[in-house]
Protein chains: 2
Amino acid sequence: MKALIVDDDRVLADVLAFTLRREGYQVVQAFDGETALERWQADRPDLIILDVNLPRLDGFSVCRRIRAQADTPILLLTVRDQEEDILRGLGLGADDYITKPFSPRQLVARTQAVLRRSGQRPTSSIRTVGDIQLDPSRRELGVGQGPTVSLTPLECQLLECLMINAGHVLTYDAIMAHVWGPEGGDRDMLRQLVRRLRQKLDQACPGESSRVETVPGLGYGLVLASVHS
Amino acid sequence: MKALIVDDDRVLADVLAFTLRREGYQVVQAFDGETALERWQADRPDLIILDVNLPRLDGFSVCRRIRAQADTPILLLTVRDQEEDILRGLGLGADDYITKPFSPRQLVARTQAVLRRSGQRPTSSIRTVGDIQLDPSRRELGVGQGPTVSLTPLECQLLECLMINAGHVLTYDAIMAHVWGPEGGDRDMLRQLVRRLRQKLDQACPGESSRVETVPGLGYGLVLASVHS
DNA sequence: CCCATTTGTCACAGCTCTGTCATAGCTTTG
DNA sequence: CAAAGCTATGACAGAGCTGTGACAAATGGG
């Protein structure tokens with residue numbers, strides 16, 4: 001996921017860039033309106049964080065020009081309490097706004113909301129570990145030549161987590177952080193989810209012993225199946 | 001994987017240390033900036049968790065000095081919403097930050113992200129002494145070509161303690177401190193644990209004499225097996 | 001708005017791990 | 001030589017962990 005950050009305040013732009021990179025975005029930057037348009041055309045970002053006050057072409061003009069050509073989500077940066085700017089920006093097609101000063105956490109929340117509303121999702125990338133194949137975009141699992149099995153969103157998250165770290169044992173906390181995020185989940189939820197994933201893996205490859213191993217008191221890991229078995 | 005935790009809040013430092021040890025890290029601690037630099041040079045950690053507010057040299061200075069010499073990943077601990085500190089730290093070369101208060105799971109997620117971005121991945125932390133191999137991340141023991149045997153958490157702690165000090169006799173008190181922590185354990189618990197470990201070693205290498213020797217009135221040590229036996 | 005699916009919660013059974021205690025045998029000391 | 005102390009061993013009980021099944025709540029789609 002790529003974001004274009006447009007702000008002539010380079011310090012703030014760096015904080016924004018860092019924050020979004022930490023969330024996994026690719027980030028490009030522009031420090032004036034004209035460069036913003038050039039970057040937008042060259043990089044085709046999925047999201048634009050756009051300050052209103054810019055040299056060489058103001059944010060409103062940039063917004064108008066982009067809206068004449070595309071629906072790329074635009075998040076406006078405005079100065080506190082300038083409602084006139086907010087109304088104008090939203091009228092020109094911006095999707096949301098955030099007023100300075102704001103915390104990184106607010107930025108993350110806003111960008112996620114904008115992207116969710118625009119219906120975007122990352123491109124497909126099938127993961128393969130041993131004879132297990134996972135298509136996260138379709139949430140489909142296949143083991144060897146067995147049937148394709150659908151996974152629920154959380155089952156998919158868990159399997160992806162285990163596949164990324166195949167061959168290693170992940171602690172309960174590490175898995176919960178990956179699946180539910182920093183404050184979410186608990187051991188009971190994880191136990192239940194592991195059970196459901198094991199059932200799906202068994203549907204995809206009946207009769208095999210569990211591909212998810214438990215190291216009691218430590219965590220879970222994905223067993224790499226022997227090709228000969 | 002070794003982490004250096006630098007925080008003058010000893011309670012928080014202990015919580016961080018416990019959390020990272022649970023994730024399999026070796027952990028060393030410093031409670032002020034100067035000691036942090038000394039520890040960094042002596043221990044060569046793979047990751048530094050660095051508080052900003054420290055006695056005898058603040059976190060920023062520590063960060064600057066380390067960055068002048070190395071790319072060791074640095075995770076800054078900051079107080080909630082002090083963006084100025086965040087900016088300054090990132091500008092000095094810190095790789096990420098986490099704001100207090102935070103949960104252990106946030107810490108785990110952030111450290112993994114930082115290490116992933118720095119291209120590091122956990123190297124195997126398998127210990128080998130003579131023909132004994134211990135994998136603490138799986139709590140598995142192997143002796144020579146014998147079968148792999150699972151250990152319980154305390155068995156694993158004890159064996160690791162003996163392997164670290166292979167060739168030496170450790171006193172009862174030293175072993176109890178390592179396994180149960182200060183003030184924990186007693187001689188009867190240790191005797192029982194040594195017995196259980198001996199049984200596991202025997203499972204892993206049947207028929208051999210005990211690899212754990214007793215020095216009556218003093219303690220226990222790990223016998224280095226002769227290659228010829 | 002309804003229905004189906006997904007997820008969270010709870011209770012229970014079984015198993016593992018650890019601590020404790022009793023006993024036997026060996027070693028040391030008086 | 002006897003007694004005391006130390007070490008090893010075996011067994012048992014309790015706490016906690018793990019897996020499982022079922023049901024309720026939440027969510028999303030039609």
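Just so it is clear: chains get the letters A, B, ... in the order the sequence lines come, proteins before strands, and each one is counted from 1.
Distances from the side chain of A:Arg196 to the nucleotides D:dG10, C:dA11, D:dC23 place D:dC23 closest. Distances from the side chain of B:Thr152 to the nucleotides D:dA8, C:dA11, C:dC17 place C:dC17 closest. Nearest nucleotide to the B:Asp188 side chain, out of C:dC21, C:dG8, C:dT9: C:dC21. Between D:dG19, C:dC17, C:dT7, one nucleotide has an atom nearer to the side chain of A:Pro153 than all others, and that is C:dT7. Nearest to the side-chain atoms of B:Tyr220 among the listed nucleotides C:dT9, C:dT20, D:dA8 stands D:dA8.
Residue B:Glu155 is classed as having no contact, given no heavy-atom separation below 4.0 Å to the nucleic acid. Residue contacts shown for A:Arg139 are absent, as no nucleic acid heavy atom lies under 4.0 Å away. Across all strands shown, B:Leu154 has heavy atoms under 4.0 Å from sugar-phosphate atoms exclusively, and none from any base.
Applying the 6.0 Å contact sphere to CD of A:Gln69 captures more than 12 heavy atoms from other residues, nucleotides or ligands.
Atom pair B:Leu197:CG and C:dC17:P shows a separation of 14 Å (rounding to whole Å applied). Atom-to-atom, CE of A:Met176 to C1' of C:dG8 comes out at 14 Å; the value is rounded to the nearest Å. If you take CG of B:Leu193 and P of C:dC17, they are 12 Å apart, rounded to a whole angstrom. Regarding A:Met189, its CE atom lies at a distance of 21 Å from the P atom of D:dA22, rounded to whole Å. As rounded to whole Å, 16 Å separates atom P of C:dT23 from atom CZ of B:Arg191. In this structure, B:Leu190 places its CG atom 14 Å from P of D:dC6, rounding to the nearest Å. Atom pair B:Gln192:CD and C:dC21:P shows a separation of 13 Å (rounding to whole Å applied). Taking atom OH of residue A:Tyr172 and atom P of nucleotide D:dC17, one finds them 9 Å apart after rounding to whole Å.
Between B:Asp186 and B:Lys200, the one whose closest nucleotide on DNA chain C sits nearer the 5' end is B:Lys200. Between A:Gln199 and B:Arg195, the residue anchored nearer the 5' end of DNA chain D, judged by the nucleotide with its closest heavy atom, is B:Arg195.
Between the side chain of A:Asn165 and the backbone N or O of A:His168, no donor-acceptor pair lies under 3.5 Å.
Rounding to the nearest 0.5 Å gives a distance of 7.0 Å between CG of B:Leu77 and CG of B:Leu50.
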